[in-house]
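This one's a predicted model, so the numbers in the text were calculated from it and none came from an experiment. As the structure lists them, so they are numbered: ligands from 1, and atoms in each ligand from 1.
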Amino acid sequence: MQLKTLDDIDLSGKRVLVRVDLNVPMEDGKITDTTRIKRILPTITELSDKGAKVILLAHFGRPKGKVEPTMSLAPVVSTLAIMLDRPVAFGTDCVGPMAEAAVSALSDGEIVLLENTRFHPGEESKDEDFTKALAANGDIFVNDAFSAAHRAHASTEGLAHLLPSCAGRTMQAELEALEAGLGSPDRPVIAIVGGAKVSTKLDLLHNLVRKVDALVIGGGMANTFLAAQGVDVGKSLCEHDLADTARKIAAEAESAGCEILLPSDGVVATEFKANAEHKTVPINEIPGDSMVLDVGPDTIGRVEDWIKKARTLVWNGPFGAFEIEPFDHATVTVAKFAAMQTNAGNLVSVAGGGDTVAALNHAGVANDFTYVSTAGGAFLEWMEGKVLPGVAVLQSK
Ligand code: AMP
């Protein structure tokens, strides 16, 4: 992959439009988690240090093309300025006279955040006039929002057609990590896919069986695969109508030489609640009144043996109902094992998707993986093998 980066463009004195991810969790006007802000600091600092006029573009929430005061980016400015340790101005619109005034007030190295791009319907429809109005305030476009790169919106894709463009440092780091995970990985590669349902991860499974050497299927979705093989899964979460699909994926894996690892034992309970009475049973002995809420020790051992052989691990989705103890056990145990192998230099580990980040944080190992992507939809589309429009447009022709 030939990606244009900040190293390829002269930035000094230029008006640089930077698409960032500021879609931070907020309660009563206060930011509750600054992870996303932390990630964009290197690009903003580098641009400012190189003497660019830094103009930040971002969306916040889903205002559906209308000005929605509760979705203003104004409350983000002070936190951003504190974290950057330099002043940040605010423009009350991302296009038109207010944006122009905010941008023309900038000296080299100064930073302005413009208001929510999604206050305009032209953002999501990639309207030509709206994209031109955004481009009017910049000489260069830098995209540092991988998490929005699966959308072909005006500020995530359209601008790259109108201005010289490149990836920011965060986007670059994310793409390099993903390339090491599935693009041109060290083999053998093992993928772990867990979570609730097969139906939400069909494209992902079809893609992975062609790319990895072993695919571990855990979580509720394993029940669908087990049931398709004739296993009685009792009251477990199971999409019985997807039995044919599960068999088809298993057949695709076999012809691609990908080993599928399904649970050989499970932790079962009669109720879905924390500390419910539970026991471990072989997978062929799930009681009719019970549901599998986690995989058992035999399965954990088989997965760890495979991780020991592997050079690369790609992970999305928990092994069990990790939000309720003790059904977080397999997810936490395998996550710690993968972290240990990563720290020992034996494994490149890439993980992502909403619940996976929460699960790795819960296990206390999110910082020990090679890369943990906080981009939900974009990460999943990448695992599905899809071309992300916001990335494709930054690749040098
Ligand atoms: P996903 O968003 O598809 O990655 O699914 C994550 C959800 O799957 C979490 O909320 C888990 O509680 C749930 N989950 C994982 N394993 C099971 C299981 N065996 N039974 C029911 N829910 C599960």
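- Below 3.5 Å of separation, one finds an N or O of Lys201 facing an N or O of ligand 1.
- Under a 4.0 Å criterion applied to the non-hydrogen atoms of Val292, ligand 1 contributes the atoms 18 (C), 19 (N), 20 (N).
- For the 3.5 Å distance criterion, the side chains of Lys201 and Asn316 qualify, holding a donor opposite an acceptor.
- Side-chain contact check for Arg187 and Thr312: no donor-acceptor pair (N or O, by modelled atom type) lies under 3.5 Å.
- In the model, Arg151 has no side-chain atom that pairs as donor or acceptor with a side-chain atom of His59 under 3.5 Å.
- From the protein, the heavy atom lying nearest to atom 14 (N) of ligand 1 is Gly320 O, 3.9 Å.
- When only non-hydrogen protein atoms are considered, atom 8 (O) of ligand 1 lies nearest to Ala196 N, 3.2 Å.
- Thr299 and Asp265 share a donor-acceptor pair across their side chains, judged by distance under 3.5 Å alone.
- From the protein, the heavy atom lying nearest to atom 2 (O) of ligand 1 is Asp355 OD2, 3.1 Å.
- Remark: Glu384 engages Lys386 in a salt bridge, criterion side-chain N to carboxylate O under 4.0 Å.
- Listed by number with element, the atoms of ligand 1 under 4.0 Å from a non-hydrogen atom of Glu323 are 9 (C), 10 (O), 11 (C), 12 (O).
- If you number the atoms of ligand 1 from 1 as listed, the ones under 4.0 Å from a heavy atom of Gly220 come out as 15 (C), 16 (N), 17 (C), 18 (C), 19 (N).
- Side-chain atoms of Glu123 and Ser155 form a donor-acceptor pair, as typed in the model, at a separation below 3.5 Å.
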